[in-house]
Amino acid sequence: QVQLVESGGGSVQSGGSLRLSCAASGVTFSRYSMGWFRQATGKEREGIAAINNSGNTKYADSVKGRFTISQDNAKNMLYLQMNSLKPEDTAMYYCAADPQYRSWWAQLLPQMYTYWGQGTQVTVSS
């Protein structure tokens, strides 16, 4: 049974940093595609960073160069390091997993992921 639990969210000022963590049980990273998504109030859920089971990463243009996705296979942890945060990064952040290989074009599409965590809130003030 797959369970994803996010942590690390909080409130930070513009320009600050946060690291989100996702504890992934029932997931073998070599067989799963993983991703980070966010949803701001009144907006659709968007994919921001993903890593497939081949280790290929993809980032949304809005976070490229500021956010880094990584995983610790030994601990079964997925991370999202977020630097130079902006007020427009304010959202609920979700970790997602899927047991199928996701090619480059599909990595940031929410409908391509089967399992979801409960989310962690990130608030960036100006």
Side-chain angles (χ1 to χ4, degrees):
Q1 183 178 354
V2 175
Q3 186 175 17
L4 306 173
V5 180
E6 302 95 335
S7 61
S11 297
V12 64
Q13 288 192 327
S14 181
S17 298
L18 284 173
R19 189 177 80 154
L20 304 184
S21 300
C22 174
S25 58
V27 170
T28 302
F29 286 146
S30 61
R31 299 177 184 175
Y32 276 72
S33 293
M34 304 294 297
W36 284 100
F37 296 77
R38 67 186 181 188
Q39 188 166 16
T41 302
K43 295 188 176 181
E44 293 187 353
R45 189 169 297 190
E46 62 169 340
I48 55 172
I51 181 167
N52 65 18
N53 48 9
S54 295
N56 300 310
T57 58
K58 184 176 181 180
Y59 296 91
D61 288 343
S62 58
V63 306
K64 201 173 294 182
R66 300 188 297 123
F67 291 10
T68 303
I69 187 171
S70 63
Q71 57 191 36
D72 185 326
N73 293 340
K75 296 181 179 180
N76 249 38
M77 295 291 294
L78 183 74
Y79 302 103
L80 184 69
Q81 178 66 44
M82 305 187 295
N83 299 327
S84 302
L85 283 161
K86 305 174 181 179
E88 50 263 43
D89 294 318
T90 294
M92 185 71 79
Y93 283 70
Y94 299 91
C95 169
D98 194 86
Q100 297 196 40
Y101 170 81
R102 295 301 178 196
S103 57
W104 183 83
W105 65 270
Q107 281 184 278
L108 296 181
L109 299 178
Q111 61 266 35
M112 293 295 175
Y113 290 81
T114 302
Y115 303 102
W116 293 84
Q118 83 290 347
T120 186
Q121 178 68 36
V122 172
T123 302
V124 184
S125 58
S126 57

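Interatomic distance, CD1 of Ile51 versus CG of Leu78, reported as 7.5 Å (0.5 Å rounding). Between the CG atom in Asn52 and the OG atom in Ser103 there is a gap of 8.5 Å [rounded to 0.5 Å]. One finds the CE atom of Met92 at 7.5 Å from the OG1 atom of Thr120 (value rounded to the nearest 0.5 Å). Put simply, CD on Gln13 and OG on Ser125 are 5.0 Å apart, with the number rounded to the nearest 0.5 Å. To the nearest 0.5 Å, the span separating CD on Gln107 from OG1 on Thr57 amounts to 7.5 Å.
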Val63 vs Trp36, side chain to side chain contact (heavy atoms under 4.5 Å, CB included): CA-CA, chis, key distance, verdict: CA-CA 11 Å; Val63 306; Trp36 284 100; over 6 Å; no
Derivation and outcome, side chain to side chain contact (heavy atoms under 4.5 Å, CB included), residues Gln121 and Thr90: CA-CA 8 Å; Gln121 178 68 36; Thr90 294; 4.0 Å; yes
Trace of the side chain to side chain contact (heavy atoms under 4.5 Å, CB included) decision for Lys86 with Arg66: CA-CA 10 Å; Lys86 305 174 181 179; Arg66 300 188 297 123; 3.8 Å; yes
Derivation of the side chain to side chain contact (heavy atoms under 4.5 Å, CB included) call for Tyr79 and Thr68: CA-CA 8 Å; Tyr79 302 103; Thr68 303; over 6 Å; no
List the atom pairs, with distances to 0.1 Å, where a side-chain N or O of residues 22-32 and a protein N or O form a donor-acceptor pair under 3.5 Å, not counting sequence neighbours.
from  : atom 1 : to   : atom 2 : distance (Å)
Ser25 : OG     : Gln3 : O      : 3.3

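Hydrophobic clustering of Ile, Leu, Val, Met, Phe, Trp and Tyr side chains at less than 4.5 Å, counting indirect connections, unites Trp104 with Leu109. By the criterion of side-chain heavy atoms lying less than 4.5 angstrom apart, applied directly or through intervening Ile, Leu, Val, Met, Phe, Trp or Tyr residues, Tyr94 is not grouped with Val122; the two fall into different hydrophobic clusters. Linking Ile, Leu, Val, Met, Phe, Trp and Tyr residues whenever their side-chain heavy atoms come within less than 4.5 Å leaves Leu108 and Leu4 in two separate clusters.
The environment of Lys75 atom NZ is sparse: at most 12 non-hydrogen atoms of other residues, nucleotides or ligands sit within 6.0 angstrom.
Not a single salt bridge (Lys or Arg N to Asp or Glu O under 4.0 Å) links Glu88 to another residue, sequence neighbours left out. In this structure Ser70 satisfies the side chain to side chain donor-acceptor pair (under 3.5 Å) test with no other residue, sequence neighbours excluded. The side-chain contact (heavy atoms from CB on, under 4.5 Å) test applied to Leu85 returns Val12, Leu18, Phe67, Met82, Asp89, Val124, not counting sequence neighbours. Take Tyr113 and apply the ring pair (Phe, Tyr, Trp, His ring centres under 6.0 Å) test, not counting sequence neighbours, and it matches Phe37.
Residues Pro99 and Tyr115 form a side-chain contact, since some pair of their non-hydrogen atoms from C-beta on lies under 4.5 Å apart. Between Ser7 and Leu20, the closest side-chain pair of non-hydrogen atoms is not below 4.5 Å. For the pair Trp105/Met112, a side-chain contact is recorded, criterion being any heavy-atom separation below 4.5 Å from C-beta on.
Side chains of Ser33 and Asp98: no donor on one and acceptor on the other come within 3.5 Å.
Across Ile69 and Tyr59, no two heavy atoms sit closer than the pair N-OH, 2.9 Å. Closest of all the heavy-atom pairs between Ser126 and Ser14 is CA-CB, 4.1 Å. Annotation for Ser21 and Met77: closest pair CB-CE, 3.6 Å, computed over non-hydrogen atoms.
Listed by first and then second residue, the salt bridge (charged side-chain N to carboxylate O under 4.0 Å, His left out) pairs that reach into residues 40-60 are Arg38-Glu46, sequence neighbours excluded.
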